[in-house]
Amino acid sequence: MAINPIDAAAAYKANVISAPTSMLPDADKIKASDHFVDMVKAATQSVIDTNRYSEEISKQALMGKAEIADVVTAVAHAETTLQTIVTVRDKVISAYQEILRMPI
């Protein structure tokens, strides 16, 4: 699954603009790096939460408390989320390597 960086940036911008002002730091304290770090933390936490949920549903299915369809859906969602984060990581590393190859 390829992620278009322009679409990702547009989605990020839309989320920042639509966020309640109480959630945003003071304008004089805002740094671009803070937004990026927060975005990375949120994405990482989302992956962790998705995987934990998948594991929990799997445990419940083993005890007979969850449907197989729920397990399959949760595992597929966790797999897709993990593939997305790995793709983003690969793109970031690729971009960093490209910057290192630029002549000064």
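Please read all numbers here as calculations on a predicted model, not as lab measurements.
- In this structure the side chain of Q83 never reaches within 4.5 angstrom of the side chain of V86, judged on heavy atoms.
- R89 is not listed as a side-chain neighbour of I85, based on a closest heavy-atom distance of 4.5 Å or more.
- The backbone N or O of D90 lies less than 3.5 Å from no partner atom in the side chain of S94, so there is not a single donor-acceptor pair.
- The same ILVMFWY cluster, assembled from side-chain heavy atoms under 4.5 Å apart, contains both Y53 and V75.
- Within the structure, salt bridge (charged side-chain N to carboxylate O under 4.0 Å, His left out) pairs that include any residue of residues 93-104 comprise E98-R101 (at least two apart or interchain).
- Residue I57 holds its CD1 atom at 9.5 Å from OG1 of T73, rounded to the nearest 0.5 Å.
- Other residues, nucleotides and ligands place more than 12 heavy atoms under 6.0 Å from the CD atom of E56.
- Side chain of S54 to backbone of T50: no donor-acceptor contact under 3.5 angstrom is found.
- T44 contributes a side-chain N or O that, together with a main-chain N or O of V40, makes up a donor-acceptor pair within less than 3.5 Å.
- Atoms CG and CD1, from L82 and I48 in turn, are 11.0 Å apart once rounded to the nearest 0.5 Å.
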